[in-house]
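Everything numeric in this text was worked out from a predicted model, so none of it was measured. The sequence lines fix the lettering, A, B, ..., with proteins before strands; numbering per chain opens at 1.
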Amino acid sequence: MSKKTAAPKDSCDSAEKAVSRHFIQQIIDADLVAGKSERRVHTRFPPEPNGYLHIGHAKSICLNAGLAREYGGKFNLRFDDTNPAKEEQEYVDSIMDDVRWLGADWEDRLFFSSDYFDQLYDWAVQLIEAGKAYVCDLDADAMREYRGSLTGPGKNSPFRDRSVEENLELFSKMKAGEFADGALTLRAKIDMTSPNLNLRDPVMYRIKRAHHHRTGDKWCIYPSYDYTHGQSDSIESITHSICTLEFENHRPLYDWFCDALGIHHPQQIEFARLNITYTVMSKRKLLLLVQENHVNGWDDPRMLTIRGLRRRGYTAESIRAFCERVGVTKVNSMIDRSWLEDAVREDLNEHAPRRMGVLRPLKVVLTNIAEGEQRICEASNHPKNPEMGTREVPLTREIYIEQGDFMEDGPKKFFRLKTGGAVRLRSAGIIDCGEILKNDAGEVVEVHCTFDPDMSRKVKGTIHWVSAEHAISAEVRLYDHLFATENPDKAAEGETFLDNLNPASLEVLAEAKLEPLLANAQAGEHFQFERTGYFYADPVDSIDGKPVFNRTATLRDSWAKAKAKGKGNVKK
RNA sequence: UACCCCGUGGUGUAAUUGGUAACACUAGGGCUUUUGACGCCCUCAUUCUAGGUUCAAGUCCUAGCGGGGUAGCCA
């Protein structure tokens, strides 16, 4: 990634043209000039371990880790694990793996909010002693009632004015397990008439007997997000606490706790979360897709989870580039799904070795090549990068070409094989179309051609092919959008986002014909099958000598586009 | 009918902080081509509206309109 110089003041020597800086960089630049936080930059990524990471998290990871790197600061990974009811070690493991894969390095700074439970408890006691927190008996329903509404003020809890001594004693008993789940809460004493609902005496602690993935059964009371997050940032000396827009209304609370406690006060900054067309992004919905088997797990290549994208064949580099391109603002926006495809194509175009693979085979017999004869063709592994070398591809009498590359009476603009036409076999030579064999249904089942090794002959089209004798058969999976509508969240009356699923999002080709070298493809390798797309040897289902390929992305296809538009371009 | 945030092309971001709308993607057109790929060139905006300040406004002011968020003992 490009290294942008950070320092606003003395770096004028670098004659580079001023790269535009997003609003968070501008805030940090100003903070640095003002000498805030000893001129440090320290960020963090704070996921709750209650699900798998998705592309939206990647934006946050790239942002936070990127800022730390850019300013020569630090980046922490902290699990916000304050709600044991939803959290699991499995998620912790997968999140660490995904963050690392994305290239964000937390070095030795892996933390858990649960590391701070003791400190948080002591601070709560401190707030009680200062008359800023109290134990409340209101149950959830009553509390909601007392809270008031969006437009009207709330009213004070009848328990708001308990003595410090009583509060201390009750809180201590809460911790000791003397009350039932939900019986009492500890609340911050702020302002029940505040127009910001978050300030209407928010809950700091609730009683919840649940096994915590790290602290086990040590605690039966757990701190809330609002009471935990800012202080955790503070403990870790975070300088800039970056989160998404929906926390804007929580910022006054974040500030209130840090101020009330008199501790290091990081700055919360909110940015817009990522939305992408043809998909849903909420953890809840992704979970539903998995639970109801609409997809084959969290790592289904159609999912925009990091695991899904990885298995689809997206590279970390392409995801970073995507996040960079998307930008950082406070504007709610919807990014076109094709940007993701574009980002992988850009990366894979440069790095993926070329191969030939026929997805839907049509047999072609080269009548002037003898049975048993084998010609060796030298094919380049990359058209623009000779350093990637060449490979040998066998050509024999019987070959397969793509069904779509033959059209009996192809129109003038159809540059592939057609009656009376000629086409180039990539890296091999030219074939001239001869006899066409059909079955009873009138479908073309075999085409006879003559082979002409003259490489210098000019023809308009070039197609890919494989030797029928040498090709390997492999399973190839093609993916389309998981959802059929741009914004699946907008469901019709009486329907849910699930009704917008695309029934054709997965197509499995059991018997694609691939050039022989592909038998050695290692799980996790990327290839471009020329003219058809980028493919990734599935790391789960591939076995030695028998790879399974997932299509990462198609190649751009202006012919298909022209055809789809139907206009006169085709027939002429 | 409360509070907070946000309104620049089809999409996403820029605009030396008041100086004459830029970049990327898409779309359309063309060139190139042993991938109809890649690459290259060209085309596409009364900056939400209405007033105002100014020599000069996307940037400042006023009013309106539109979009989003918020009433978990979730994060």
[N] [atom2] sits how many Å from [X] [atom1], rounded?
X        : N     : atom1 : atom2 : result
A:Phe45  : B:A75 : CZ    : P     : 16 Å
A:Asp226 : B:A71 : CG    : P     : 11 Å
A:Asn349 : B:A37 : CG    : P     : 12 Å
A:Tyr534 : B:U35 : OH    : P     : 13 Å
A:Leu286 : B:A75 : CG    : P     : 20 Å
A:Glu145 : B:C73 : CD    : P     : 14 Å

Less than 4.0 Å between a side-chain N and a carboxylate O, is that true for [Y] and [X]?
X        : Y        : value
A:Arg360 : A:Glu402 : no
A:Asp201 : A:Arg147 : no
A:Lys330 : A:Glu248 : yes

Spacing of the [atom1] atoms in [M] and [N] (rounded, Å):
N     : M     : atom1 : value
B:C3  : B:U8  : P     : 24 Å
B:U16 : B:U32 : C1'   : 38 Å
B:G10 : B:C61 : C1'   : 33 Å

Return no unless some side-chain N or O of [X] is found under 4.0 Å from OP1 or OP2 of [N].
X        : N     : result
A:Thr82  : B:A75 : yes
A:Arg337 : B:C25 : no
A:Arg144 : B:G72 : yes
A:Lys384 : B:U35 : no
A:Ser224 : B:G72 : no
A:Lys458 : B:U34 : yes
A:Arg147 : B:G72 : yes
A:Arg206 : B:G72 : no
A:Arg284 : B:C74 : no

With a 6.0 Å cut-off on the ring centroids, do [X] and [Y] count as close?
X        : Y        : answer
A:Tyr225 : A:Phe247 : yes
A:Tyr534 : A:Phe527 : no
A:His22  : A:Phe271 : no

Choose from [options] the nucleotide whose nearest atom is closest to any side-chain atom of [X].
X        : options             : value
A:Thr462 : B:G68, B:A24, B:U35 : B:U35
A:His250 : B:U26, B:G36, B:A75 : B:A75
A:Ile335 : B:A75, B:U35, B:G12 : B:G12

> For A:Trp559 and B:G36, is the gap between ring centres under 5.5 Å while the planes differ by less than 30°?
Replying inline: yes
>> Is the positively charged end of A:Lys155 above the ring of A:Tyr146, judged by distance under 6.0 angstrom from the centroid and angle within 45° of the axis?
In response: yes
>> Looking at A:Phe112, I'd like to know if the NZ or CZ of A:Arg214 sits under 6.0 Å from its six-membered ring centre while staying within 45 degrees of the ring's axis.
In response: yes
Identify all pairs in which a protein N or O lies below 3.5 Å from an N or O of nucleotides 1-4 of chain B, and state each distance.
from	atom 1	to	atom 2	distance (Å)
B:A2	N9	A:Leu150	O	3.4
B:A2	N3	A:Leu150	O	2.8

Over all strands shown, is [X] touching base, sugar-phosphate only, or nothing at heavy-atom distances under 4.0 angstrom?
X        : result
A:His229 : nothing
A:Gln26  : base
A:Arg200 : nothing
A:Ser380 : nothing

Would you tabulate the nitrogen or oxygen pairs shorter than 3.5 Å linking the protein to nucleotides 7-9 of chain B?
none

>> Wobble G-U and Watson-Crick pairs count when both distances are under 3.5 Å; given that, what is the 5' to 3' dot-bracket string of RNA chain B, with | for pairing to other strands?
In response: .((((((..((((.....[..)))).(((((.......)))))....(((((..]....))))))))))).....
> Between A:Ala560 and A:Gly327, which has a closest nucleotide on RNA chain B that is more 5'?
Replying inline: A:Gly327
>> With nearest nucleotide decided by heavy atoms, which residue, A:Phe529 or A:Tyr205, maps closer to the 5′ end of RNA chain B?
In response: A:Phe529
> Yes or no on side-chain hydrogen bond (donor to acceptor under 3.5 Å, both in side chains) for A:His382 and A:Arg354, after CA distance, side-chain angles and deciding distance?
Replying inline: CA-CA 6 Å; A:His382 191 109; A:Arg354 311 291 131 124; 3.2 Å; yes
> Counting heavy atoms not belonging to A:Glu145, are there more than 12 under 6.0 Å from its CD?
Replying inline: no
> Does A:Glu341 have any salt bridge (Lys or Arg N to Asp or Glu O under 4.0 Å) partners at least two apart in sequence or in another chain, and if so, which?
Replying inline: A:Arg337
> Excluding sequence neighbours, so at least two apart, what forms salt bridge (Lys or Arg N to Asp or Glu O under 4.0 Å) with A:Glu48?
Replying inline: none
>> Checking A:Asn198 now: which residues fulfil side chain to side chain donor-acceptor pair (under 3.5 Å) with it, not counting sequence neighbours?
In response: none
>> Taking donor-acceptor contacts at under 3.5 Å, does the side chain of A:Arg531 reach the base of B:G36?
In response: no
>> Distance criterion of 3.5 Å, no angle test: do you see the side chain of A:Arg325 paired donor-to-acceptor with the base of B:U13?
In response: no
